There are 2 protein chains.
Amino acid sequence: MPVQNALTRKDGRSQLASPPSVQLGRSFEPIGAPTAFARNEEVFGEGEPAEYLYKVISGGVRTYNSLDDGRRQIAAFYLPGDIFGLEARKFHSVTAEAITRSMLHAVKKTKLMSRPSGDLMMTHLLLDLTTQELHRTQAHILLLLRSAEERVVGFLLEIAKREACKREFDLRMSRQDIADYLGLTIETVSRTLTRLENAAVISMQTSRHIVLRYRPALHRLNS
Amino acid sequence: MPVQNALTRKDGRSQLASPPSVQLGRSFEPIGAPTAFARNEEVFGEGEPAEYLYKVISGGVRTYNSLDDGRRQIAAFYLPGDIFGLEARKFHSVTAEAITRSMLHAVKKTKLMSRPSGDLMMTHLLLDLTTQELHRTQAHILLLLRSAEERVVGFLLEIAKREACKREFDLRMSRQDIADYLGLTIETVSRTLTRLENAAVISMQTSRHIVLRYRPALHRLNS
DNA sequence: CGACCATTTGATATGGATCAAGCGATGTGG
DNA sequence: CCACATCGCTTGATCCATATCAAATGGTCG
């Protein structure tokens with residue numbers, strides 16, 4: 001069931017005061033039907049031509065770079081409502097995969113361009129999206145400098161902010177995904193979550209279900 | 001003496017096939033005179049309104065976030081020809097300071113907007129700059145995941161690519177600046193450089209003057 | 001020359017990686 | 001319906017890269 005946040009209401013209009021000119025939904029009025037992707041299915045690969053933008057309807061997507069030493073750096077997670085597929089160059093610099101079964105809405109960029117005043121609209125859309133990506137990326141850098149515990153807490157707060165219920169939610173991604181996003185090992189992520197649970201800061205009914213029990217501590221750790 | 005690279009020739013036109021629509025110089029034709037900034041002088045501070053774009057004429061600039069624990073994360077170094085001051089929001093999210101005595105050319109954004117077809121041009125300019133920033137930031141993330149040695153080598157190659165002479169150059173920034181950019185301590189940066197010199201991969205006449213002596217080893221380390 | 005600041009070098013401590021094993025849920029074939 | 005394999009996660013023991021603490025060196029400017 002797709003989560004509907006302020007940027008993804010059916011009518012495609014935001015109710016938030018949009019920082020620059022963020023009305024992303026507007027340019028993404030349904031054209032064609034959403035496509036289904038299976039868990040771990042590739043949406044596009046590094047190096048392929050970047051012709052489409054995608055909007056997550058349900059499920060979730062990870063984008064990543066494969067490192068030469070076999071590791072994987074996850075660049076971002078895209079949750080329902082998020083748009084991805086944006087690239088600076090003509091080709092994708094990351095690979096995108098569904099993290100769970102997902103519905104994605106794809107729009108060909110040239111199609112957007114060809115509509116009346118498409119160029120201006122497209123440029124604005126791209127600027128908004130790029131700006132948002134830049135923000136996300138800068139925040140990611142700041143996260144990577146911190147201790148393992150701070151990274152994990154930062155990650156939980158980041159996800160919580162984007163989920164419908166900010167206090168209790170299911171993680172769509174595996175421990176390995178989280179580790180690859182935070183630049184940690186799976187063991188460290190696991191141990192850190194266990195420690196947070198022991199400290200009664202969070203609780204986990206199952207390994208994928210998180211309850212943020214004591215926010216002040218989380219924000220203190222996230223300082 | 002400002003370095004002139006392909007993007008900053010006097011006529012403001014690039015000779016490179018520009019990836020998206022990068023013609024940054026064009027919009028930055030001299031309006032008013034450049035301003036001098038002393039070493040460590042602040043150009044703008046975190047939280048201030050972002051009204052101007054700046055172009056580095058000579059010297060260099062660092063942008064950074066102050067971390068709550070007193071550390072400092074340098075987001076980027078801007079060298080002659082680079083444009084900075086771009087912000088997603090209405091306010092600066094970083095502080096900018098001159099790393100050496102620098103000449104900067106400032107252009108008020110509203111001024112660019114008010115010129116004929118200013119809005120379209122401005123949007124394109126912002127998109128180009130934002131895209132470039134996004135690239136830089138993504139590359140920065142990948143750098144931060146590597147070992148100390150790989151980070152330092154990556155940094156040297158990154159700087160070399162942007163300097164006039166790619167084999168031999170002066171570092172405009174201190175060891176502390178480098179450390180804060182790479183998420184390392186000053187001691188680790190220093191030790192790593194010493195080790196590279198002992199391995200005859202680089203040489204340093206002075207601590208600020210770098211000669212890349214053996215590229216293959218550098219690229220191997222950068223893999 | 002002397003003070004100051006940036007850099008280097010040395011000794012030790014430690015957070016997180018690595019290696020290894022155990023556990024719990026889920027699914028499959030007999 | 002149960003034995004068993006598989007997969008994702010957790011837990012434990014040890015190791016190592018980098019931080020930390022401390023001091024020496026060198027370069028610059030008054």
Side-chain angles (χ1 to χ4, degrees), chain A residues 38-40 60 62 67 69-74 97 99-101 143-156 170-199 202-210 221, chain B residues 38-40 60 62 67 69-74 97 99-101 143-156 170-199 202-210 221:
Chain A
R39 188 167 117 88
N40 294 327
R62 61 176 168 251
L67 275 52
D69 59 6
R71 285 180 312 159
R72 191 180 66 152
Q73 173 59 20
I74 291 188
E97 290 172 354
I99 50 184
T100 64
R101 176 168 180 77
L143 205 56
L144 289 176
L145 294 166
R146 300 165 165 277
S147 70
E149 185 166 72
E150 290 171 322
R151 290 187 223 186
V152 171
V153 167
F155 170 77
L156 290 178
D170 282 305
L171 292 174
R172 297 162 202 271
M173 63 293 284
S174 70
R175 293 287 187 272
Q176 187 63 62
D177 286 335
I178 299 172
D180 290 346
Y181 180 72
L182 296 177
L184 298 170
T185 59
I186 186 177
E187 293 96 330
T188 299
V189 170
S190 179
R191 275 188 248 272
T192 304
L193 287 170
T194 303
R195 238 181 297 121
L196 289 172
E197 180 160 42
N198 290 340
I202 65 170
S203 67
M204 298 183 282
Q205 266 89 51
T206 73
S207 66
R208 295 291 187 104
H209 190 82
I210 303 284
L221 287 171
Chain B
R39 186 168 118 89
N40 294 328
R62 62 177 167 250
L67 275 51
D69 58 6
R71 285 180 313 157
R72 190 180 67 152
Q73 172 60 21
I74 291 189
E97 290 172 355
I99 51 183
T100 64
R101 176 168 181 77
L143 205 56
L144 290 176
L145 294 166
R146 301 166 164 276
S147 71
E149 186 166 70
E150 291 171 320
R151 290 187 222 187
V152 170
V153 167
F155 170 76
L156 291 178
D170 281 306
L171 292 174
R172 297 166 147 85
M173 63 293 286
S174 69
R175 292 289 186 271
Q176 188 63 62
D177 286 336
I178 298 172
D180 290 346
Y181 179 71
L182 296 178
L184 298 170
T185 58
I186 187 176
E187 293 96 329
T188 298
V189 171
S190 180
R191 275 188 248 271
T192 304
L193 286 170
T194 303
R195 239 181 298 121
L196 290 172
E197 180 161 42
N198 290 340
I202 65 170
S203 67
M204 298 183 282
Q205 265 90 51
T206 72
S207 67
R208 295 291 188 106
H209 189 83
I210 303 284
L221 289 171

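Owing to the predicted nature of the structure, the values given are computational and were not obtained by experimental measurement. Residue numbers begin at 1 in each chain, while the letters A, B, ... track the order of the sequences.
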message: Using the rule given for side-chain contact (heavy atoms from CB on, under 4.5 Å), can you reason through B:S203 versus B:H209, listing the C-alpha separation, both sets of side-chain angles and the distance that settles it, and then say yes or no?
response: CA-CA 8 Å; B:S203 67; B:H209 189 83; over 6 Å; no
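Side-chain atoms of B:R151 come within 3.5 Å of backbone atoms of B:L182 as a donor-acceptor pair (strictly under, hydrogens ignored). No side-chain donor-acceptor contact under 3.5 Å links B:E149 to the backbone of B:L221. Judged by distance alone, with hydrogens and angles left aside, the side-chain atoms of B:R175 form a donor-acceptor pair with the main-chain N or O of B:S207 at under 3.5 Å.
Atoms CD1 and CG, from B:I210 and B:L196 in turn, are 9.0 Å apart once rounded to the nearest 0.5 Å.
Protein atom CG of A:L145 is 13 Å distant from nucleotide atom P of C:dG16, rounded to whole Å. To the nearest angstrom, P of D:dT18 lies 13 Å from CG of B:L144. For the pair A:D180 CG and C:dG16 C1', the interatomic distance rounds to 15 Å; values are reported in whole Å. The interatomic distance linking A:R146 (CZ) with C:dG16 (C1') rounds to 18 Å, in whole Å. Look at CD on B:E149: it is 17 Å from P on D:dC16, rounded to the nearest Å.
Among the atoms of the strands shown, none is found under 4.0 Å from any heavy atom of B:T206.
Under the 4.5 Å side-chain criterion, counting only non-hydrogen atoms from C-beta, B:F155 is in contact with B:L171.
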Below 3.5 Å is the cut-off: list the nitrogen or oxygen pairs between protein and nucleotides 6-8 of chain C, distance only.
{"residue": "C:dT7", "atom": "OP1", "partner": "B:R208", "partner atom": "NE", "Å": "2.9"}
{"residue": "C:dT7", "atom": "OP2", "partner": "B:R175", "partner atom": "N", "Å": "3.0"}
{"residue": "C:dT8", "atom": "OP1", "partner": "B:R175", "partner atom": "NH2", "Å": "3.1"}
{"residue": "C:dT8", "atom": "OP2", "partner": "B:R175", "partner atom": "NE", "Å": "2.8"}
{"residue": "C:dT8", "atom": "OP2", "partner": "B:S190", "partner atom": "OG", "Å": "2.7"}
{"residue": "C:dT8", "atom": "O5'", "partner": "B:S190", "partner atom": "OG", "Å": "3.0"}

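Across A:A148 and A:T188, no two heavy atoms sit closer than the pair CB-CG2, 3.7 Å. The two residues B:M204 and B:E197 come nearest to each other via the heavy atoms N-OE2, 2.9 Å.
Note on the helix from C:dC1-D:dG30 to C:dG30-D:dC1: terminal axis deviation equals 30°, with five pairs used at each end and the result rounded to 10°.
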